[in-house]
Every structure is written in C-alpha cells, then in structure tokens.
**Q** 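Structure provided below as structure tokens; questions to follow.
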Amino acid sequence: MIRTRFAPSPTGYLHIGGVRTALFNWLLAKQSGGQFILRIDDTDAGRNVDAALQPILDGFKWLGMDWDEGPEVGGPHGPYYQSQRIEIHKAAVAELLASGHAYRDYARPEELQAEREAAEKRGERFFYDRRWMAADDAAASAMEAEGRQATIRLKMPREGNCVIEDLVRGTVTVAWETEQDHVIARTDGSPLYHLASVIDDHAFGITHVVRAEEHLPNTPRQIFILESLGYPRPQYAHLPYVAEPGGTAKLSKRKLSKYLKNKGFADLLAHGQRIAQRCQIETSEDTFNPVIVDFYREIGFCADALLNYLLLLGWSLDGAREKFTVPEMIELFTLQRVTKSPASFDPQKLLAFQSDHFAGLSDADRLAAVAPFAIGAGLVQSADEPVLASVVAAAGDRLKVAGDIIDFDYCFQDPIEYEAKAFQKRIVKPDDAIGLLQGFRDVVSAAESFDAAAAEKLLKDYCESAEIQIGQIIHAVRVAVTGTAAGFGVFDTLAILGKQRVIERIENAVKKAADA
RNA sequence: GGCCCCUUCGUCUAGCGGUCUAGGACACUGCCCUUUCACGGCGGCAACACGGGUUCGAGUCCCGUAGGGGUCACCA
C-alpha cells in the first residue's frame, strides 16, 4: 500500500512548483489505490494559520487533488497539524537523547557564529567540535550554572557513508564526515522541522517520500534520525525543481520583476490582469501572478489543463504523447520516467495546453465556465441569457481561457469603442465605405428576418446589386458594428447583435467618420 | 568555499551502443485555406557543452574539464 504526503506550510498561496510536487505524490498514491495525505507544517508558530491555509486547500480542491487524510477530512493518524504533534516530537527527542544518538549542547549562538567566521577566514569549512556538549548530567548542571541553555544536537556518525537509493536519481552517496551535528530542538525545547518531519512521516506510515531536490542534502540527517529510532526507511524520490521561465534557477515567488523580462510570462500576466480588471476580480499583488495557482483559477483556466502541463514538467511518457486526462495520468505516471534535470516553467506552453483543452470542451461546458466572467464583467445578468450561448458558440476556439469572453463585450453592450487604426483603415480611408455602409443599412432596415443565414444573404445580395466584391464592404461592416478588425464570423456577429443594433451602430460609425 | 545534483533544438522532452543525415510538442517562421482574427493543413529554422578514453561502432558506457543549480540556521 503506497502512502504519500504533501506538507505545505500555511503561507497563503500555492506555488506552481509545489503543486507539481503534490501532483506527483497524488498520482503515485492514486494509481495503486493508496492514500495521499496532507500534513500542515505550521511549526513556525505562524499567526493566523487558518486564514493562510485556506487558499492552499482551495487550490487543491480546484485542481481536484483530493486528500485521504488531513485538514477538514481528518483520518486515523491525526492530528495533521504539525504544531499539534509537538509532544510526540519531544518524546522522540528524549528517546534520541537517552539512546546516545543526540546530546545536550550548551554552545551559544554567538560562539558558534564566531567559530564559523573564523573557519571561513582560514579558508576551512566549519566543523563543530562538540566543545559544549554535555557529557553527563554533572557537566550539564555546571554549564547551566553559567547561565547557558541547551539545544539538542544529533550525534552524527563521523565515518562511513550514507547511501541513499533514490527512485529518480539512483544511488547517492554522502560521506558522514561531511555532515554536521544538526540541532533537533531549540533551547526552549521546541523540536525542529527535520526531526518533526521524520517522526510524522513514520507515524503516518508514509511509504514514499516524494519531494523537491532541495531536500536531498537533508536526507542523510533524516536517515540518521529514523535509523536511530529503529524506523524503517521510506522510499525516497527527489524531484528536480521547477526553474524560472527562460532560466535555470529555481522558480521563486519573490522574483517577479525578473520574470517579467520573459515575454511569455509578461504576456500571461497582462492577459490575466486585463481579465481581472474587467471582471471585477479582486487581486492581491502577492498572489495574482503566474507563479501562484490562484492566478489560473481566477482568470478561467481549466484545472485539468494546468495539471496536464505540470505533469509534463519533469515527466514524459514517451516523448510523443502530451495530452492526458486525469485518469490517464493516474494510470500512466511512473517515477521511473521522471527527469533528472530541472524543467523551466514555460507560460506560453501552459497557455497552449489550456487553449487546446478549452477548445475541446462542449459548448455547454464552455458556457458554464465563461458565465461567471460574463456576469462579473456586467455583460449579462445571468448565464441563461441566450446571447451568451450564441457568443460562446460563435467564438469557438477564440476563447483560450474562460475570462476571454471580455474580448467580445461588443456583443453585449453599447456604446462600443472604435479602434482608431481599424476605423481609419476600413471606414475613413476607402472612398466608398460610407456610401456602401449607408446602402447596407437601408437593406438591413428593410429585412424581415435576421439570423446568420439571412444576414449573409442580405449582404451578398447587396454586393451584387451594388456591383462590388464582398471584400469591399465586409471589413467596413465589421469595424462599424464591432469597433474592431478581428473577431468571429461577420454574419454570426450581425445575427447576434440583431437588426436594431446593427442599424444604430452603422449610423454611429458613419456619423463618426463624417466628424473625423 | 565544502558537500550533493544536473547538462540533447530558445523551452518541455524522446533517445536506454548500430534503425540518429537525432524524433515529437510549445515558441518563431514560409505557404495554403479564408471576409478579418483564430483554428486547421503542408513546409522551414533550430540541439547531442568540451576533451580524453572503451568499442568494429558513442547522444547513448567510463574519466576529466567547463558550465549551471541545489544546499550548507536554535526556517520550513
């Protein structure tokens, strides 16, 4: 039975790299009928944990990555908040102390710092010589009499190798002598992360520790802890990190200004900002950006498309197939095919996946996805308004994300804005444009029915009677009734707008051209 | 700096000694389709970091060099 976990700290946001790690954990558990556990690493005494955790849980829910044990759902191994497990961690510390695998250390931070700097000055690496280690209770009392306080340190081995069999990296060997005597409990007795993590993984019955590679250097000390306690080793799999767009450094949420130099990243952010602004979506500068999962939910990405893209960031089936449904991901994912080198986050490819995925949905599904944005932007009052369905159907794959409905705002409301360049080129500049538009307006006024087919016939008949090619007028019509040079079919557009609006807009355009 | 990891087109990757004049996808780009835009179709550009080995034969195995990255807290 495979049991995996993801252990977010309650920071208030879900990082894209974190999601990728969580996804691999989730997939691994799901494919074997195992469990995926969410443990909250809140030992940092973070204030307002609940508020900071909510966006993360919401992110998981949106993505459809359900957890079998953890916050909200509970489970047989709780509590799932690390801060509530301190007594368990302390007991482990005591056990380590009693068995001689750890010791009380009375060094003061300044003293250690001074030694560290001195070693650095000499060009040597700092190596703690256990100078303030309390060999026995008497020594401890003596140092406490001096006003010193003890941290608990691991008494790490100083010879031999720590050999890690990693499921993605193969065999990794680290000489024990390169390891420090890591602190596992502060002077106030509170246990540190690495200790807590090992204890909890064991308590939760985690069989596979799948995490980002920055944890690889921490693994020897964790192995020392668990072996000292007589725990079995879990299987380890260290994933390459997700790198910044166009770069090789680890993707971080704090380097936005740097990523903005990447065109794909900047474009995607701008795309999102435009949608957020039009749809009255409240955004915080902190979390509304392509490094954070919220961003995608808020502008109308499909969760499955994001998952599919993330799946390919460091994993491939065969180098040819790229599109996977979630059930297929679960079935086909293997750690064996995880890449060893970091994968750079490519916003353009993500958008391409989303665009493709969205185009593949039914009109009904796309309508449902688009509706909240149309309502938010004030385009319609409710999802039931027929015009919305018409626009969604006509727009087809021009909608890449649900929020893109705002691009067709001219289908819903007046007045419209005319793009200066298009207006000039299609209406002002051609000598005959105004006359033709007026003529077409008259034809429209006389029309009895006005669906797309009728509109097409109307325009074509008009061209015939005026003895012109359709190309001579159709651009002017489009610009006159939409204000823009690009969009879906003109006949669909005319039908959606309706006879009255078409007439009004043509008249407005003619007047505007005359004023110009 | 120590330790550890990584290295195929701009990016994600396929490749597990010969089928590689290195394949697919995104991006870019040419043409076609077309009333615009988008889609689609057909093309194009573009990579094995370098140097030594091993081998009849190396992108594929070994060693070295270079480069990149991660990590070195009484953070998680």
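Fair warning: this is a prediction, and the values are worked out from it, not measured in the lab. Proteins come first, then strands; the chains are lettered A, B, ... in the order of their sequence lines, and each starts at number 1.
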**Q** Classify A:Asp188 by what it touches in the nucleic acid, base, sugar-phosphate, or nothing, heavy-atom distance under 4.0 Å.
**A**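 Nothing: the residue A:Asp188, judged by heavy atoms under 4.0 Å, touches no strand.
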
**Q** Side-chain N or O of A:Lys425 less than 4.0 angstrom from OP1 or OP2 on B:U36?
**A** no

**Q** Just how far, in rounded Å, is C1' of B:C72 from CD of A:Gln113?
**A**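 In whole Å, B:C72 C1' and A:Gln113 CD are 13 Å from each other.
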
**Q** Do A:Asp318 and A:Arg321 sit within salt-bridge range, that is, some charged N less than 4.0 Å from a carboxylate O?
**A** no

**Q** Counting primed atoms plus P, OP1 and OP2 as sugar-phosphate and everything else as base, spell out the protein contacts along nucleotides 59-64 of chain B at 4.0 Å heavy-atom distance: B, S or - for each nucleotide, 5' to 3'.
**A** ------

**Q** From the options B:C39, B:A76, B:C74, select the nucleotide whose nearest atom is closest to the side chain of A:Arg116.
**A**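 The nucleotide sitting nearest to the side chain is B:C74.
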
**Q** Closest approach to the side chain of A:Arg186, judged atom by atom: which nucleotide of B:A76, B:U35, B:G68 is it?
**A**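 For A:Arg186, the side-chain atoms sit closest to B:A76.
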
**Q** Among B:C74, B:U35, B:C26, find the nucleotide with the atom closest to the side chain of A:Phe491.
**A**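 It is B:U35.
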
**Q** Protein within reach of the bases, or only the backbone? For nucleotides 40-45 of chain B, mark each nucleotide 5' to 3' as B, S or -, using heavy atoms under 4.0 Å.
**A** ------

**Q** How does each nucleotide of nucleotides 2-14 of chain B score, in 5' to 3' order, for protein heavy atoms under 4.0 Å: base (B), sugar-phosphate only (S), or none (-)?
**A** SSSSSS---SBSS

**Q** Should A:Trp132 and A:Tyr103 be marked as a ring pair (Phe, Tyr, Trp, His ring centres under 6.0 Å) after you check the CA-CA gap, both sets of side-chain angles, and the distance that decides it?
**A** CA-CA 10 Å; A:Trp132 289 281; A:Tyr103 60 88; over 10 Å; no

**Q** What is the separation between atom CD1 on A:Ile468 and atom P on B:U35, rounded to the nearest whole Å?
**A**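 Roughly 14 Å, once rounded to whole Å.
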
**Q** Choose from B:A76, B:C74, B:U36 the nucleotide whose nearest atom is closest to any side-chain atom of A:Pro109.
**A**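 So the side chain of A:Pro109 is nearest to B:C74.
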
